[in-house]
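Keep in mind that what you see is a predicted model, and the values were worked out from it rather than measured.
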Amino acid sequence: MSTGPAGHMTRSPVVTHSERGGRTPLRRLLRTFDGVTIDAVYEPGGVVYEAGTPLSRHPVFVVAHGFTGDLQRPHVRRVARALARYGAVVTFSFRGHGASGGRSTVGDREVLDLAAAVAWARELGHARVVTVGFSMGGSVVLRHAALHADGKHGEGRGTEHGGRTDARVDAYRNAHTDAVVSVSAPARWYYRGTAPMRRLHWLVTRPAGRLVGRYGFRTRIHHRDWDPVPSSPVESVPLIAPTPLLVVHGDRDAYFPLDHPRMLAEASGGHAELWLERGMGHAENAADDELLDRIGRWAAATVPRQRPRGRSQERDLRL
């Protein structure tokens with residue numbers, strides 16, 4: 001297998017299958033900036049087959065799954081089917097998950113995985129990209145949108161600042177998003193205020209927990225602590241504007257209580273739209289078809305057919 005520039009397709013054999021009566025998805029292994037292979041699938045979706053309209057006129061949803069998920073999981077496939085009513089869909093498995101390479105860093109270097117998937121979606125011809133993330137993926141879409149947003153660098157970016165190091169990633173010149181949907185995301189790191197999050201921290205930080213993750217959840221977790229600590233979701237949100245942002249959270253989320261989405265919305269300075277869903281639990285498994293349909297309609301209304309946006313100014317990736 002030969003490799004091209006970061007974020008481009010590796011020259012792997014195409015693996016295709018037909019789930020929609022001849023509308024054949026396209027499967028590729030992508031390569032991230034740091035050399036990790038990412039398993040990704042592109043599904044054209046129903047609206048892409050409208051006669052006489054170029055691919056660039058239709059949005060593509062890039063779905064970022066939660067921790068221990070992958071593109072083959074039933075709840076991820078259900079999300080993809082629901083969003084395919086409004087555009088094409090790219091699903092992928094984060095590093096350490098499914099058929100992707102590497103090991104999970106639980107929200108840190110996963111921004112590189114998402115950037116590779118978004119760049120691929122644009123390579124395929126889509127001018128308008130909507131990133132939709134759940135739980136860990138919800139934090140990743142927020143960080144990704146901030147790091148690839150238009151505008152000037154924030155104060156202190158590009159230098160060592162507050163114990164963090166910013167690293168320029170020039171390879172991703174087409175990895176910006178046109179709208180962001182973050183579902184069931186944390187606002188801050190290291191949260192242990194609920195029993196599920198205490199169990200998750202054991203899974204990630206203890207050798208026995210990582211064995212359970214590998215063999216029980218098919219998730220390979222990196223053993224090293226974050227160094228430096230990446231920018232948190234609540235730190236990232238103020239940098240996303242003017243890109244449209246939707247924050248969705250259930251009032252029965254057992255992982256992250258409602259102060260998390262409220263912190264994210266407040267950090268946006270009124271830019272984000274906040275949906276607090278009555279009776280909803282956590283992430284993809286709790287997102288019913290009605291909610292997914294509303295998300296699809298929100299995205300379709302938010303990024304109407306338009307001329308492609310100019311190349312975004314790269315932000316510094318804090319890794």
Side-chain angles (χ1 to χ4, degrees), residues 17 19-20 25 27 38-46 60-100 104 106-107 110 113-114 117 121 130-142 144 180-186 194-197 199-200 203-204 212-221 246-256 260-261 275-299:
H17 61 285
E19 295 179 340
R20 294 193 176 90
R27 195 164 190 169
I38 299 299
D39 186 25
V41 171
Y42 170 78
E43 298 170 275
V60 58
F61 296 88
V62 180
V63 178
H65 63 74
F67 184 59
T68 74
D70 64 63
L71 67 81
Q72 301 279 22
R73 300 274 184 168
H75 53 274
V76 178
R77 303 312 320 146
R78 184 172 60 85
V79 171
R81 287 193 299 270
L83 296 178
R85 295 193 291 267
Y86 298 94
V89 179
V90 169
T91 51
F92 67 96
S93 297
F94 279 121
R95 62 185 61 206
H97 294 74
S100 292
S104 175
V106 200
E110 282 73 11
D113 309 347
L114 179 57
V130 180
T131 51
V132 183
F134 297 84
S135 192
M136 180 188 77
S139 69
V140 173
V141 298
L142 295 174
H144 166 268
V180 187
V181 182
S182 177
V183 184
S184 302
T194 58
M197 285 306 298
R199 289 194 293 269
L200 187 144
L203 193 76
V204 170
V212 171
R214 185 180 187 94
Y215 296 107
F217 295 99
R218 296 182 293 173
T219 302
R220 305 173 305 280
I221 306 166
L246 173 62
V247 176
V248 182
H249 211 93
D251 66 357
R252 294 188 180 178
D253 192 311
Y255 287 78
F256 305 114
H260 285 260
W275 294 357
L276 298 179
E277 297 296 308
R278 182 175 299 177
M280 178 186 168
H282 185 69
E284 301 102 319
N285 284 316
D288 61 22
D289 290 342
E290 188 275 334
L291 173 59
L292 296 173
D293 187 68
R294 275 193 285 129
I295 289 173
R297 285 188 276 114
W298 177 89

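Listed for the His97 side chain is a donor-acceptor partner under 3.5 Å among the backbone atoms of Arg95. Of the possible donor and acceptor atoms, none in the side chain of Ser93 sits under 3.5 Å from a partner among the backbone N and O of Ser100. One N or O on the side chain of Glu284 and one on the backbone of Gly66 form a donor-acceptor pair closer than 3.5 Å.
The OH atom of Tyr86 sits 11.0 Å away from the CD1 atom of Ile295 when rounded to the nearest 0.5 Å. Interatomic distance, Phe92 CZ to Ile38 CD1, rounded to the nearest 0.5 Å: 7.5 Å. Here CZ of Phe256 is found 8.0 Å from OG of Ser139. Values are rounded to the nearest 0.5 Å. A distance of 5.0 Å separates CH2 of Trp275 from CZ of Arg294, quoted to the nearest 0.5 Å.
The one candidate from Val130, Val183, Val132, Val180 that meets the side-chain contact (heavy atoms from CB on, under 4.5 Å) condition with Val141 is Val180.
Taking the side chain to side chain contact (heavy atoms under 4.5 Å, CB included) definition, one finds that Ser184 meets it with Asp253, Met280, His282, Ala283, sequence neighbours left out. With sequence neighbours left out, Asp288 forms a side chain to side chain contact (heavy atoms under 4.5 Å, CB included) with Glu290, Leu291. The side-chain hydrogen bond (donor to acceptor under 3.5 Å, both in side chains) test applied to Asp289 returns Arg78, not counting sequence neighbours. With sequence neighbours excluded, the residues that form a side chain to side chain contact (heavy atoms under 4.5 Å, CB included) with Ile221 are Phe67, Val106, Leu203, Val204, Arg210, Thr219. Partners of Arg252 under the salt bridge (Lys or Arg N to Asp or Glu O under 4.0 Å) rule, at least two apart in sequence or in another chain, do not exist in this structure. For Thr91, the side chain to side chain contact (heavy atoms under 4.5 Å, CB included) test picks out Val41, Glu43, Val63, Leu71, Val76, Arg77, Ala80, Val89, with sequence neighbours left out.
Residue pairs meeting the side chain to side chain donor-acceptor pair (under 3.5 Å) criterion with at least one partner in residues 61-71, sequence neighbours excluded, are Asp70-Arg73.
For Asp251 against Gly279, the heavy-atom pair with the smallest separation is OD1-N, 2.7 Å. A pairwise comparison of heavy atoms in Ala99 and Asp39 identifies CB-OD2, 3.5 Å as the closest pair. In this structure, Gly137 and Phe94 approach most closely via the heavy-atom pair CA-CE1, 4.1 Å. Pairing each heavy atom of Phe134 with each of Ala287, the nearest pair is CE2-CB, 4.3 Å.
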